[in-house]
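We name chains A, B, ... by the order of the sequence lines, and we start the count at 1 in each one. Keep in mind the model is a prediction, meaning the values are calculated, not measured.
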Number of protein chains: 2
Amino acid sequence: MIAIHGFSPSGNCHKLRMLLEPLGQPYDWVEVDSPNGATRTPEFLALNPNGKVPVLQLQDGRTLTESNAILYYLAQGTPFLAEDRWARAQTLSWMNFEQYSHEPYVAVARFIAGWTPLDSPRRAELPRLRERSHQALAVMERHLQSNDWFSAGAYGIADIALFAYTDVAEHGGVALAPYPALRAWLARVRATPGFVPLPEPDALAADRIAQTA
Amino acid sequence: MIAIHGFSPSGNCHKLRMLLEPLGQPYDWVEVDSPNGATRTPEFLALNPNGKVPVLQLQDGRTLTESNAILYYLAQGTPFLAEDRWARAQTLSWMNFEQYSHEPYVAVARFIAGWTPLDSPRRAELPRLRERSHQALAVMERHLQSNDWFSAGAYGIADIALFAYTDVAEHGGVALAPYPALRAWLARVRATPGFVPLPEPDALAADRIAQTA
């Protein structure tokens, strides 16, 4: 059986659940407490020298890193990834957009709000992260005004990649109210068969989020 | 004929030349002066609502954004991208590493050094960007101690993606001396048939780079 090494509250890790659950593909989930140093141990660095979750481990021990590369690998031959070359290119384009222009702002704002102390100096980054988050959401909104999905006409791995952190953007103080097409897309994703929501933040993270201006 | 809309000193744009030149595939290059606002015009935003170069435009007008998605699209069916599913997954993993853990530090340090004024407040970011650059280069060095290439055993698009900014990391004050395996890989890439180097920085950028501590 395949194994996923991941931190459950991480959207990057949750992406893999969002694909594997509707596929009905069995997997072991190995919880890795990444905010508390579990990705910096020699054992973990042997799995991923870059010290990040998620990591896919095949039954024979081979490993694959980077959430979007894992999504692409697991989705081949399934309805979550088109066969057509141009459709795949557009799917990969949105997944690159997610990792470069979206996740470093939307996900990091959420992480700082919920998973750093209330007096962390990193909180000074929040205004800039939120501004850049809104730039990314505006690009998504524009696309969704004339498209239902990001994966070349059907629900697929680019939607999964973009959904994971967009759905919880408000944890980082990034309001979704200005984006009606985006909110309709979030609802469409939630209504897909086999959809699994990201776990709610634990009590400590929820308290920090509530206290973050 | 295909067209590339790009800014020549940009490594992200240069990646496409590094693939198209050895392939001998004809293309038009449309120069876009991105540091001076040319990616924020209505005309350019119609090509890429995210306001970034490079953009691939097909003869029929269709567009594809994100340098690594363009590389993947153009490389299919060529020796620069393996057919094997696992090899492709590893190639995509390194390309995601490049966009998330490498380019935002190595490329941004270079951009600030050469393409912002000497009194830019962004120069305060340089120490952190260099520290994170070295973390990325150390991950590459470790891989290259037991592998010749990043594209699953052969020179290919993951090498192109990683080469573009690594080769000019010293423009941003990121020394390559500590990485012998990486320097040997850079030399191997430069020796590939059809290799094209990134253009030298213009006089203004070169002067700023020389004056950056």
May I ask you to list the residues in residues 71-96 of chain A that approach chain B closer than 4.5 angstrom, counting heavy atoms only, ordered by number? A/Y72, A/Y73, A/L74, A/Q76, A/R85, A/W86, A/A89, A/Q90, A/L92, A/S93, A/N96

Using a heavy-atom distance cut-off of less than 4.5 Å, which residues of residues 137-144 of chain B contact chain A? B/V139, B/R142

Interatomic spacing from CG in B/N12 to CD in B/E66 - rounded to 0.5 Å: 8.5 Å

Just so I know, are the side chains of B/Y105 and B/R130 near enough to count as touching, which here means a heavy-atom distance under 4.5 Å? no

Close side-chain approach of B/P104 to A/Y100, heavy-atom, < 4.5 Å: yes

Please report the interatomic distance CG(A/L129) to CD1(A/I112), rounded to the nearest 0.5 Å. 5.0 Å

Does A/K15 pair with A/E98 as a salt bridge, N-O distance under 4.0 Å? yes

Just wondering, are more than 12 heavy atoms of other shown residues or ligands nearer than 6.0 Å to CD in A/Q59? no

Out of curiosity, B/I4 CD1 to B/C13 SG, how far, rounded to the nearest 0.5 Å? 9.0 Å

So if I take each residue of residues 160-188 of chain A and look for any heavy atom under 4.5 Å from a heavy atom in chain B, which residues do I end up with? none

Between B/E125 and B/R122, does any NZ, NE, NH1 or NH2 come within less than 4.0 Å of an OD or OE carboxylate oxygen? yes

Greatest number of heavy atom pairs closer than 4.5 Å to chain B - which of A/E103, A/R62, A/Q99: A/R62

Please rank A/T65, A/L58, A/N50 by heavy-atom pairs under 4.5 Å with chain B and give me the top one. A/N50

Contact between A/K52 and B/S101 at the side-chain level, heavy atoms closer than 4.5 Å - yes or no? yes

side-chain hydrogen bond (donor to acceptor under 3.5 Å, both in side chains) filter on B/T212, not counting sequence neighbours, yields B/R123

Closest-packed option against chain A by number of heavy-atom pairs under 4.5 Å, given B/T63, B/L56, B/N68: B/T63

Is A/Q135 in contact with chain B via its backbone, its side chain, both, or neither, using a 4.5 Å heavy-atom distance? neither

Inter-residue atom distance A/R128.CZ - A/E131.CD, 0.5 Å rounding: 8.0 Å

Should the pair A/R208 and A/W115 be classed as cation-pi, given the thresholds of under 6.0 Å to the six-membered ring centre and 45° from the axis? no

Can you find a side-chain donor-acceptor pair between B/R17 and B/S8 that sits under 3.5 Å? yes

To the closest 0.5 Å, what do you measure between CZ (B/F111) and OG (B/S10)? 10.0 Å

Could you tell me the separation between the CG atom of A/D159 and the OG1 atom of A/T192, rounded to the nearest 0.5 Å? 9.0 Å

